[in-house]
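Heads up: the structure comes next, in structure tokens.
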Amino acid sequence: MGTSPTLRFVHIHNHKSDSRTLTSFHSNPIKMAWAHALALALTLEGFTLHHYGIAFLCLLIIFMYRFLEFHFLHDAFTLFRGSPVSLTYNPASEIYHGVASKCRLLHGRYMATPWLSSPHVQTAFLNFHGRPPAVDYTRKLFHASDGGTFAMDWLKSCDVLGDSTYEDDKTPIVIVIPGLTSDSSSAYLKHLAFSTAKRGWNAVVCNHRGLGGISVTSDCFYNAGWTNDIRDVINHLHHEYPNAPLFAVGTSIGANILVKYLGEYGEDIPIAGAVAICSPWDLLIGSRFICRRTVQKFYDRALTVGLQEYAQLHQTLYSRLADWDGIVKSRSIRDFDNYATRLVGKFETVDTYYRHCSSAQYVTKVLIPLLCISALDDPVCTWEAIPWDECRANKNVVLAVTRHGGHLAFFEGLTGSSLWWVRAVNEFLGVLHSSPFMHKQKENTPHSLEESCVDQGPYVNVSNGMVAAISNHDPLTSDESSKVDDDDDDDVLVQEHVLTTNNNIKALDLLKWLSQVFLQSRRSTWMLATLPLLGVALHFFFVKKFNKFLLPKLLK
């Protein structure tokens with residue numbers, strides 16, 4: 001049917017009125033907000049209180065899923081196959097090709113327990129329960145040379161297997177270094193000690209000073225870089241059990257202490273191999289990370305409370321050596337380190353303490369087989385501090401990184417009764433023990449702390465804007481350089497003797513350094529040398545042209 005002219009006019013008028021109204025709404029934000037609120041109210045008009053509750057519950061679940069970093073849905077989409085373990089190593093590493101390459105777990109996948117598919121839930125479950133096996137330690141007290149005392153808790157293979165035939169003077173010993181405020185009663189250390197003893201080895205947990213129910217008997221407390229105690233314990237055990245291979249496993253702060261100890265003493269240690277689990281690596285980066293997000297602040301606060309409880313046990317000494325009022329008022333680990341650790345350790349600032357005690361700078365100096373295990377979702381020790389390049393540059397280090405695992409957790413299986421990293425440690429040390437790549441300390445080796453190649457000068461700008469150090473060693477002695485034949489050993493010795501007896505050794509070293517500079521940056525050196533000559537030539541050319549042609553024209 002047709003439309004009358006009157007109705008047609010009304011429709012057109014209404015259309016123009018609607019257009020003007022929409023334009024008015026778009027130009028006025030307040031009117032737009034009221035319109036959206038009215039539309040939302042009309043939409044939710046039919047909702048009941050039950051519907052609102054369901055919507056709120058769904059939003060809460062989504063928020064908690066994201067906040068706690070659950071990865072259950074991702075695991076379900078991948079059919080619970082887990083994620084592969086990422087390995088970082090030097091291509092010429094004998095430790096990788098001869099040991100790590102034979103470890104099935106390091107070349108497999110890690111799948112977290114489905115109902116613990118969150119780094120925060122894993123870490124919390126480990127600390128509050130952890131399902132540790134029943135362990136009955138045998139305690140021995142160790143008296144340090146400075147008067148300090150700490151506990152060494154033993155779990156031998158005969159205590160677990162019930163057969164003394166496994167016990168002899170050649171039974172391997174695993175020395176365990178706990179994390180911050182942890183002792184041998186911690187669930188993850190019981191997992192490690194029990195698993196080690198069950199496979200026929202002996203485990204000893206070297207508790208930190210003031211922990212494990214032992215009082216502090218000297219004016220010295222442990223910190224993240226305190227390596228004296230572990231050094232004395234290792235030397236003592238090597239003296240008591242000279243035929244037993246010694247291995248070391250450090251966890252969290254204990255891993256930082258272990259790597260620092262390995263880097264400080266190089267080859268002059270009786271350790272056959274070592275493993276570092278969830279090391280913080282760089283304490284300064286870790287200090288900034290743990291107070292960055294809301295969820296990390298919970299860990300910061302929880303660890304601070306643990307440190308305050310530790311200080312409460314030794315209040316008499318802390319009141320004399322540190323700032324007790326500051327310790328009580330501390331709200332973060334950094335605060336505690338500022339009022340306690342820094343003062344006891346005699347560091348100028350907290351950052352000085354963090355820089356001095358970080359193990360990342362010692363990775364390149366490690367000269368024994370070392371396996372490092374970390375998780376990318378570690379909520380305490382961030383992956384940003386992992387020294388990837390340093391681990392790749394050192395032929396003695398193999399770095400294994402998993403996508404999930406939390407901090408020292410790595411629960412696996414449907415029941416979550418075992419820890420993946422514990423099995424990986426035992427497998428690696430077992431393969432290393434049966435290989436020819438175990439480190440053996442040389443007899444009567446003089447103690448020396450080798451400097452890092454990066455710290456040796458002089459420094460030159462080699463390429464790509466990167467600053468590198470020229471080594472003071474002859475390139476022939478480098479692992480990457482060509483090898484000298486046995487027939488030429490005498491000539492090399494004679495040449496070295498002549499160099500050392502020459503009175504002009506400083507001049508020769510200077511010439512040697514200059515030659516290396518020219519070899520490593522030949523193009524840049526020639527460019528710098530030719531630029532002045534080129535500038536002089538251009539100067540005379542343009543001056544001559546100017547005087548001959550341009551100057552007469554200007555005078556006209």
Side-chain angles (χ1 to χ4, degrees), residues 132 135-157 159 171-197 201-218 220-241 244-265 269-280 310 313-314 357 359 368 370 408 421-422 425-426 429 441:
V135 171
D136 188 12
Y137 293 108
T138 300
R139 170 159 293 186
K140 295 182 180 180
L141 296 182
F142 188 89
H143 301 282
S145 58
D146 64 348
T149 305
F150 51 91
M152 296 172 58
D153 291 333
W154 286 82
L155 185 66
K156 298 186 177 182
S157 58
D159 299 332
T171 302
I173 300 175
V174 177
I175 305 165
V176 183
I177 312 173
L180 186 67
T181 68
S182 297
D183 54 26
S184 57
S185 63
S186 301
Y188 67 93
L189 294 180
K190 289 183 177 180
H191 276 283
L192 177 60
F194 183 84
S195 178
T196 302
W201 291 15
N202 297 330
V204 53
V205 181
C206 181
N207 294 284
H208 298 297
R209 298 189 180 205
L211 291 172
I214 304 299
S215 300
V216 176
T217 58
S218 67
C220 183
F221 292 88
Y222 84 98
N223 56 48
W226 181 255
T227 59
N228 292 6
D229 289 347
I230 188 61
R231 177 201 62 195
D232 294 342
V233 166
I234 290 174
N235 292 336
H236 168 73
L237 293 177
H238 179 59
H239 177 74
E240 291 291 323
Y241 307 92
L246 299 180
F247 299 92
V249 178
T251 57
S252 191
I253 286 294
N256 187 83
I257 296 174
L258 175 61
V259 175
K260 184 174 181 288
Y261 161 76
L262 298 178
E264 285 177 344
Y265 295 94
I269 55 176
I271 294 294
V275 183
I277 308 296
C278 295
S279 174
Y310 170 78
L313 297 174
H314 316 289
C357 295
S359 61
I368 73 166
L370 172 64
L408 298 174
W421 69 265
V422 171
V425 167
N426 286 325
L429 295 182
Q441 185 181 21

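When atom types are taken as modelled, the side chain of His314 and the backbone of Gly210 share a donor-acceptor pair closer than 3.5 angstrom. A donor-acceptor contact shorter than 3.5 Å links the side chain of Thr217 to the backbone of Gly147. One N or O on the side chain of Asn256 and one on the backbone of Ser359 form a donor-acceptor pair closer than 3.5 Å.
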>> The test is side chain to side chain contact (heavy atoms under 4.5 Å, CB included); show your working for Trp421 and Cys278 and say whether it passes.
In response: CA-CA 10 Å; Trp421 69 265; Cys278 295; over 6 Å; no
> Going through the distances and angles, do Phe150 and Ile214 end up as a side chain to side chain contact (heavy atoms under 4.5 Å, CB included)?
Replying inline: CA-CA 6 Å; Phe150 51 91; Ile214 304 299; 5.5 Å; no
>> Determine whether Asp153 and Val135 satisfy the following criterion, side chain to side chain contact (heavy atoms under 4.5 Å, CB included), listing intermediate values before the conclusion.
In response: CA-CA 11 Å; Asp153 291 333; Val135 171; over 6 Å; no
> Could you go step by step and tell me if Trp154 and Ile173 meet the side chain to side chain contact (heavy atoms under 4.5 Å, CB included) rule?
Replying inline: CA-CA 10 Å; Trp154 286 82; Ile173 300 175; 4.1 Å; yes
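Put simply, the side chain of Leu370 reaches to within 4.5 Å of the side chain of Val259, judged on heavy atoms. Looking only at side-chain heavy atoms (C-beta outward), Leu408 and His191 stay at 4.5 Å or farther from each other. Contact of the Val249 side chain with the Leu429 side chain is registered, since non-hydrogen atoms from C-beta on lie closer than 4.5 Å. Between Asn207 and Ser184, the closest side-chain pair of non-hydrogen atoms falls below 4.5 Å. Considering only heavy atoms from C-beta on, Pro280 comes within 4.5 Å of Ile253 through its side chain. Tyr222 has its side chain within reach of Leu180: a pair of non-hydrogen atoms, C-beta onward, lies under 4.5 Å apart. Taking 4.5 Å as the limit, every side-chain heavy atom of Ile177 sits out of range of all side-chain heavy atoms of Tyr261. Counting only heavy atoms from C-beta outward, the side chains of Phe221 and Tyr310 approach each other to under 4.5 Å.
The SG atom of Cys206 lies 4.5 Å from the CD1 atom of Ile230; values are rounded to the nearest 0.5 Å. With values rounded to the nearest 0.5 angstrom, Asn202 atom CG is found 8.5 Å from Leu155 atom CG. Note that the CZ atom of Arg231 and the CD1 atom of Ile271 stand 13.5 Å from one another [nearest 0.5 Å]. Rounded to the nearest 0.5 angstrom, Glu264 CD and Asn228 CG are separated by 8.0 Å. In this structure, Trp226 CH2 and Cys357 SG are separated by 10.5 Å, a value rounded to the nearest 0.5 Å. Going from atom CG of Leu211 over to atom CG of Leu313 covers 8.0 Å, rounded to the nearest 0.5 Å.
Annotation for Ala274 and Leu262: closest pair CB-CD1, 3.8 Å, computed over non-hydrogen atoms. The minimum heavy-atom distance linking Tyr188 with Gly179 is given by the pair OH-N, 3.2 Å. Here the closest non-hydrogen pair linking Ala197 and Lys156 is CB-O, 3.7 Å. In terms of heavy atoms, Pro270 sits closest to Asn235 at CD-OD1, 4.0 Å. Nearest heavy-atom pair, Ile234 versus Leu246, reported as atom, atom and distance to 0.1 Å: O-CD1, 3.8 Å. The two residues Val233 and Met152 come nearest to each other via the heavy atoms CG1-CE, 3.9 Å.
Thr227 and Tyr265 form no side-chain donor-acceptor contact under 3.5 Å, judged by distance and modelled atom types alone.
Annotation: side-chain hydrogen bond (donor to acceptor under 3.5 Å, both in side chains) contacts of Ser186 (sequence neighbours excluded): none.
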